[in-house]
2 protein chains.
Amino acid sequence: MTNNLEITLSTSKKTKPQPDQLGFGKYFTDHMFIMDYATEQGWHSPRIVPYQPITLDPAAKVFHYGQTVFEGLKAYRTSDNRILLFRPGKNFERLNHSNNRLSIPPIDENFLLDALKKLVEVDQDWIPSAEGTSLYIRPFIISTEAALGVAPSHNYQFMIILSPVGSYYAEGIHPVKINVENHFVRAVPGGTGAAKTAGNYAAGLKAQEVASDRGYSQVLWLDGVERKYIEEVGSMNVFFKINGEVVTPVLNGSILDGITRNSVITLLKHWGVPVVERKLAIDELYNSYVNGTLEEAFGTGTAAVISPIGELFWDTHQMKINQGQTGELSKRVYDTLTGIQNGTVADPFGWVVEVKS
Amino acid sequence: MTNNLEITLSTSKKTKPQPDQLGFGKYFTDHMFIMDYATEQGWHSPRIVPYQPITLDPAAKVFHYGQTVFEGLKAYRTSDNRILLFRPGKNFERLNHSNNRLSIPPIDENFLLDALKKLVEVDQDWIPSAEGTSLYIRPFIISTEAALGVAPSHNYQFMIILSPVGSYYAEGIHPVKINVENHFVRAVPGGTGAAKTAGNYAAGLKAQEVASDRGYSQVLWLDGVERKYIEEVGSMNVFFKINGEVVTPVLNGSILDGITRNSVITLLKHWGVPVVERKLAIDELYNSYVNGTLEEAFGTGTAAVISPIGELFWDTHQMKINQGQTGELSKRVYDTLTGIQNGTVADPFGWVVEVKS
C-alpha cells in the first residue's frame, strides 16, 4: 500500500548534533510524514516531506478542544548496522484505541507501519549508534478544522516526526526519587487515562512541579476515586517486587496499556518469575516496606525503558527501597529489554522488526 | 498600559456574512490580538495584527501535551449603537486560575482587558445588531516550545480571536433533550475540571456522540467518584427548580465556575427567589420528578446564556420537565440576562462594561 506514498526529499541537510549533546526531543531530522483527513475523503495524501512548520488557523480545534492523540516508540541501530523497531505494530494498534476514545477516525495500521519504515529509511543517517542512544519516533494526530464549537473535527492531520535521543542514563542506570501525589489526580475510569492524548499530560504538569520543588523527580499517581490504589508513576507504568512476587496495577480503564509494561510482564513469565496484575493499595505497599518485603520498584516506558525507584515519599513516610540502589531484577529486565531492542540479546518473542536499508 | 500595544491594520477587509448565516464560530473578523511569552522575557510584544494563520513547529508542546487554556465571552451592540461587554474582568480572572492549574505563567488582567477593548473597537463593524446576535470573543493560550518531553513549556502565545455569531435560538428559545451519562466521566476533583482547558472538552466528545446517536442534544455529567451527583450539562452549568427552590451543584473542584452561573445566582438572590448551591444526586432529582416537585431545569453558559431542559433521560427513566416547555423562571432569567447584555434592561450589578468607540 505504500505505492501511493509520495516522497519529496529535502534539498539541504541539517547539521547533526554530537551524540553526547542529544538529550531528549530537542533535535529533529530532515524529513517528516504527513497525511490528511477530511470527512468526505477519509485519510488521504500520505507523503514524506522535508521537516517543516505546520500552518493552522488560530481557530483550529486542536488549540481549543484538545482533540489529539500520539504515540512514542524508538528505532535502534545495531552493532552490525541494521535498524530495528521494537513492537511498532502495538503502537499503531494503541493509536486506534486512543482515536476511538477521542472520536478521531481510525487509521490503517499496516499502511502506517510501512510508511514509518520508509521514513526511518529516508532519515537513517540520523539514527545514532552510541550506547543507549536511539531515534525517538513520535506519530501524532491533531484536529485542524477552523471552527469554534465543541464537536469532533471534520479535518485532521496525522504526522510522524523523528528525534535522535541520547542515553537516558548517561552515567549508567540509576534510581529516582518519587513523590506519592495525594492532591492532584491524573485520570479516572470513564475518562481518558487509558488513551494517549494530550490532556492527560497537561493534567499532570502541576503535580510534577510540586514534586520537583520538593526534590522528587516524578509523581506516583493514586486512583482518582478512592485515592488509595497505585496507578502510574510520572508517565510510566510501575512495578513492585514484594516478597519474591512482582506486582503491577491491573489495567482498569484509567491506566495506560504500556507496551514496555506488556513486554516486562511477558519477559518475567518467560523467566518463571511470579508476576501478577492486580489492584495495589498504597498502604499495602507501605506495610510491605515496613515489614521488609518490598524488595524492588521500577517504572517502565519507552523513554527510559526501565527506571528503578530508589525512594518513595508518601504522606509523612520516606520509603528507601533496596537501600536506594538499582535492584537485581530491575537491572536484569533493563539489560534484557535494551539488549533485545539493540539486537545484542536474542529475541524469542518476535518483538523486533527490521527496517530494510 | 496599552501604550506598548502595537497595531497593524489589515489592508483588505473580508466580506461580512449575512446575519442569518452566522451560526457559531464559523466566521472570524479582520484582526486578532497576539502576545508572546518566553521564560527570560515574560509576556511581551502585545500586538493587534490582521487575522492570520499560526505557524508552529510540529514538535510544539500544545500538539503533544495539551498545555493550553481558553476563555469565551461576548460583545453586544445596543440599539443606540453602543458596544457592551458582559463581566469581562471575570474571564481574565478565571483565565489566571486556569493558567495556575496548567502551569502557565499568569497574565496581566487589566492590560488584557484594555487590549481586548481596543481589538473590539478595531473590528467593531463586525458586531452584528440583529436580535440575539453578538460578537463571540475567544482569548486562548497555547504552549509553543518545540521540544518533546513532558514538562511545562518555556514559550507561549496568547491570542484573542473574534467571531460574529448568530442567535442561539433562531426560532425562539426552546428546550433541549439531555441524556444522563452513566459510563463516561468529564472530570474529577484533583483533575482539571475547574479549569477551562482543552483536555476537558476532548474528554467529553465521545459521550456527546453517543447522546446524539440516541437523539439527545447534550450530556448531563455525573461526578466521577460516586457516579451519583450532578455536575454539568454539556459544556454548561445546570440549575433545577425543585418545589420552589432553585438548586445548582456546588463548586467542588471538578465543576467550571461559570460566569453565567454566578450571574444567575446573583440575579435570583436579587429577586428573592430561593437559590442554593449544594450536592444534588441524580436519584434525588428523579424522586422530585416522580413526586411532581421538579418544576424547571436549565443550563447556563456564554453561548446560549440560558438553555431550558425539556427532557432528561436517566438509565431507563424518561423525565419530561414542565411538559417539555420553557419554564416561567427560565424565561425570566433569560430575558433579564440577555436584556442586561444588550442594554435594554437596567444593570443594577455593574456587569456591563462599555467599549468606547
Side-chain angles (χ1 to χ4, degrees), chain A residues 24-26 28 32 51-60 62-68 70 72 100-103 136 138 140 142 146-152 159 161 163 183-192 197-206 208-209 224-225 227 234-235 303, chain B residues 24-26 28 32 51-60 62-68 70 72 100-103 136 138 140 142 146-152 159 161 163 183-192 197-206 208-209 224-225 227 234-235 303:
Chain A
F24 187 87
K26 286 159 56 184
F28 298 91
M32 63 192 289
Y51 189 90
Q52 57 193 264
I54 306 171
T55 298
L56 292 173
D57 193 283
V62 63
F63 297 135
H64 305 272
Y65 308 121
Q67 198 191 5
T68 177
F70 72 89
N100 180 272
R101 180 61 184 83
L102 274 296
S103 299
Y136 182 78
R138 171 57 60 91
F140 65 108
I142 57 173
L148 302 181
V150 183
M159 282 165 276
I161 55 176
S163 172
H183 176 67
F184 293 110
V185 168
R186 173 188 170 273
V188 74
T192 57
T197 183
N200 295 337
Y201 297 83
L205 293 174
K206 189 77 181 172
Q208 176 67 42
E209 272 195 328
V225 174
R227 309 286 185 108
S235 48
Chain B
F24 186 88
K26 287 159 55 185
F28 297 92
M32 63 193 288
Y51 189 90
Q52 59 193 263
I54 306 172
T55 298
L56 291 173
D57 193 283
V62 64
F63 297 135
H64 305 272
Y65 308 120
Q67 198 191 6
T68 176
F70 73 89
N100 180 271
R101 180 62 184 83
L102 273 298
S103 301
Y136 182 78
R138 171 58 58 94
F140 65 108
I142 57 173
L148 301 181
V150 183
M159 282 165 276
I161 55 176
S163 171
H183 176 66
F184 293 110
V185 169
R186 175 188 167 273
V188 74
T192 57
T197 183
N200 295 337
Y201 298 82
L205 293 173
K206 190 77 181 172
Q208 176 67 40
E209 272 195 327
V225 174
R227 307 288 186 109
S235 48

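Letters go in sequence order (proteins before strands), and every chain restarts at 1. Note that the coordinates shown come from a computational prediction; the quantities given were computed from them, not determined experimentally.
For the pair B:T68 (side chain) and A:F63 (backbone), a donor-acceptor distance under 3.5 Å is present. For the pair B:K26 (side chain) and A:A147 (backbone), a donor-acceptor distance under 3.5 Å is absent. Of the possible polar contacts, none joining the A:R186 side chain to the B:G191 backbone as a donor-acceptor pair under 3.5 Å is found.
Across every non-hydrogen atom of A:F28 and B:A59, the tightest pair is CZ-CB, 3.3 Å. The two residues A:L205 and B:P152 come nearest to each other via the heavy atoms CD2-N, 3.8 Å. Residues B:G224 and A:V225 come closest through the heavy atom pair O-CG2, 3.7 Å. Nearest heavy-atom pair, A:G66 versus B:A202, reported as atom, atom and distance to 0.1 Å: O-CB, 3.4 Å. Taking every heavy atom of both residues into account, B:Y51 and A:P58 meet most closely at OH-CD, 3.6 Å.
Side-chain contact between B:V150 and A:Q208: absent, with no pair of heavy atoms (C-beta onward) separated by less than 4.5 Å.
In this structure, no portion of B:A60 lies under 4.5 Å from any heavy atom of chain A. Contacts of A:R138 with chain B are made by side-chain atoms alone, with heavy-atom separations under 4.5 Å and no backbone atom involved. Interface remark: B:Q67 contributes backbone and side-chain atoms alike to the contact with chain A (heavy atom separation under 4.5 Å). With a 4.5 Å cut-off on non-hydrogen atoms, A:F70 touches chain B through its side chain but not through its backbone. With a 4.5 Å cut-off on non-hydrogen atoms, B:A151 touches chain A through its backbone but not through its side chain.
One finds the CD1 atom of B:I161 at 4.5 Å from the NE2 atom of A:H64 (value rounded to the nearest 0.5 Å). Atom-to-atom distance recorded for A:S103:OG and B:K206:NZ is 5.0 Å, nearest 0.5 angstrom.
Highest contact tally toward chain B, considering only A:A203, A:A146, A:G199, A:G72, is held by A:A203 [criterion: heavy-atom pairs under 4.5 Å]. Contact count against chain A (heavy-atom pairs under 4.5 Å) is highest for B:N100 among B:N100, B:L102, B:V62. Between chain B and the residues A:Y65, A:Y201, A:F184, the largest count of heavy-atom pairs under 4.5 Å involves A:Y65. Considering only heavy-atom pairs separated by less than 4.5 Å from chain B, the leading option among A:P189, A:G234, A:A303 is A:P189. Between chain B and the residues A:V188, A:V185, A:T197, the largest count of heavy-atom pairs under 4.5 Å involves A:V185. Here B:L148 is the residue among B:L56, B:I142, B:L148, B:D57 with the most heavy-atom pairs under 4.5 Å with chain A.
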